[in-house]
Amino acid sequence: MKTVNNNANSPLLTKEDAHWQRLIARVQAMTLMDDIFFNCFMEDDTAAMQYVLNIIMERHDLKVISVKTQYTIPNIYGRGVRFDVLAIDQYGNEYNFEVQNVSNGAAPKRARYNIDMLDLRHLKAGDDFDDLPETYVIFITAKDVLGYGLPIYHIDRHINELGIKFDDMAHIIYVNGENKSDTPLGRLMQDFQNADPAKMHSRLLADKMKHLKSLDEEVCKMCNIVEEYVAERMAEAKAELAKAEAARAESEAARAESEAARVKAEEKAATSKLDSIKNLMKNTQWSAEKAMEAIGIPKSDYPQYLALL
């Protein structure tokens, strides 16, 4: 029986295998808005990336000379970052592309962090700040995340008092996937959300999608990537759950310690008041009630102390 898994580290599957069929269906339903598929689609494909970049930038002259997918930048001081796609043009400008089906994945502070992490890679001690390249973080989102009804949003820093641009050469762009207009950008967004290459506007993108979804070798590769992705996300989820559980246990332990300290302090205070009541009764011949009144014990607490006398 013909095997269809090319991953030497995975068990061989057959085309009749139910799990394999589910993976096949998942791959066939994927669009460029799925980050797994987007990464595979753009891997080392400067032509496809160049086509997308020129439409978004409203240019015709940009040449993509390098494309890296799932590019990771570690951070020894805290959280690192993994870019969906990092592209470089002929001028040395850098473009971080992120596709997002959920709005919280395209939060403004994530864009800010990605910009910072792009810069982190470049300068070493003694380097000139002018050596930093011009950078773009581009979010392609399924929904209108910013909510103003525009097909595209260009975000730059400004000097508020002067109303002029602060040209630090760091840019953020949000592309609204809800835009399905009959424009180059609108047609691109239609293609990004179409799983059927026969229905895509761009022949370049359609041919690449057909290639990835038709050839056994490419489909196998995609299925293996989906499995690895799911396993990785499950591992991350388990790690996050373990981290949350540890934090919860630590919080509960701290709460229990605090409660024990509170009870101990209350018992100590009660013992001190009881000693004071006894001393007053002994030295003044007062009744217990009069002694408690003199100390300032609430009447509602009298039974508690009377039971201890």
Side-chain angles (χ1 to χ4, degrees), residues 35 70 72-84 96 98 100-121 125 137 139 141-148 155 157 160-161 170 172 174 227-309:
D35 58 354
Q70 291 292 288
T72 301
I73 301 176
N75 180 4
I76 61 172
Y77 299 109
R79 180 174 179 168
V81 67
R82 181 169 58 189
F83 299 137
D84 281 352
N96 163 220
E98 302 289 332
Q100 293 294 332
N101 275 310
V102 291
S103 298
N104 60 3
K109 286 187 177 179
R110 181 181 176 188
R112 164 184 160 185
Y113 192 70
N114 281 19
I115 284 278
D116 292 341
M117 293 300 285
L118 279 172
D119 288 343
L120 183 67
R121 304 159 45 244
V137 170
F139 283 113
T141 61
K143 300 295 183 181
D144 183 6
V145 172
L146 299 184
Y148 296 102
I155 301 160
R157 291 187 176 95
N160 294 337
E161 290 78 6
I172 298 169
Y174 280 75
E227 284 197 299
E228 290 168 6
Y229 178 85
V230 170
E232 183 180 322
R233 290 295 179 269
M234 287 181 65
E236 289 176 355
K238 286 181 180 179
E240 285 296 320
L241 182 61
K243 185 178 178 181
E245 278 294 314
R248 184 186 63 79
E250 185 178 346
S251 176
E252 286 185 356
R255 198 160 43 241
E257 186 178 346
S258 176
E259 177 64 16
R262 184 190 65 78
V263 170
K264 186 175 181 180
E266 287 181 355
E267 289 176 348
K268 184 177 180 181
T271 300
S272 177
K273 287 179 181 179
L274 187 62
D275 289 342
S276 296
I277 294 168
K278 289 178 179 178
N279 288 333
L280 278 174
M281 291 174 66
K282 178 180 178 181
N283 296 328
T284 64
Q285 304 303 309
W286 286 350
S287 66
E289 288 78 4
K290 188 172 182 179
M292 287 188 282
E293 181 182 1
I295 294 172
I297 294 174
K299 287 187 177 182
S300 60
D301 290 345
Y302 282 11
Q304 171 188 340
Y305 288 97
L306 288 171
L308 296 172
L309 288 173

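Values reported hereafter were calculated over all heavy atoms of this structure, with side chains retained and with hydrogens, waters and symmetry mates removed. Numbering starts at 1 and runs along the sequence shown.
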Lys299 side, atom NZ; Glu293 side, atom CD - distance, nearest 0.5 Å: 6.5 Å
For Asp144 against Tyr148, the heavy-atom pair lying closest together: OD2-N, 3.4 Å
Student check: side-chain heavy atoms of Tyr174 and Pro108 closer than 4.5 Å: yes
Side chain to side chain contact (heavy atoms under 4.5 Å, CB included) between Leu306 and Met292, intermediate numbers included: CA-CA 10 Å; Leu306 288 171; Met292 287 188 282; 3.9 Å; yes
Glu245 and Arg248 ion-paired at < 4.0 Å: yes
Atom pair CD1/NZ of Ile297 and Lys273 - distance to nearest 0.5 Å: 5.5 Å
Check: Ser272 side chain, Lys268 main-chain N or O, donor-acceptor pair, under 3.5 Å: no
Nearest non-hydrogen partners of Ile277 and Ala288, listed with the distance: CG2-O, 4.4 Å
Reported CZ-to-CG distance for the pair Arg112 and Asn114, which is rounded to 0.5 angstrom: 12.0 Å
Gap between atom CG of Leu280 and atom CD of Gln285 - 0.5 Å precision: 11.5 Å
Sidechain-backbone polar pair: Thr271 side chain, Glu267 backbone, donor-acceptor under 3.5 Å: yes
Value rounded to 0.5 Å, distance of NZ in Lys278 from CG in Leu308: 8.0 Å
Other residues, nucleotides, ligands: >12 heavy atoms within 6.0 Å of Glu257 CD: no
Distance in Å, Trp286 CH2 paired with Asn279 CG, rounded so as to fall on 0.5 Å steps: 12.5 Å
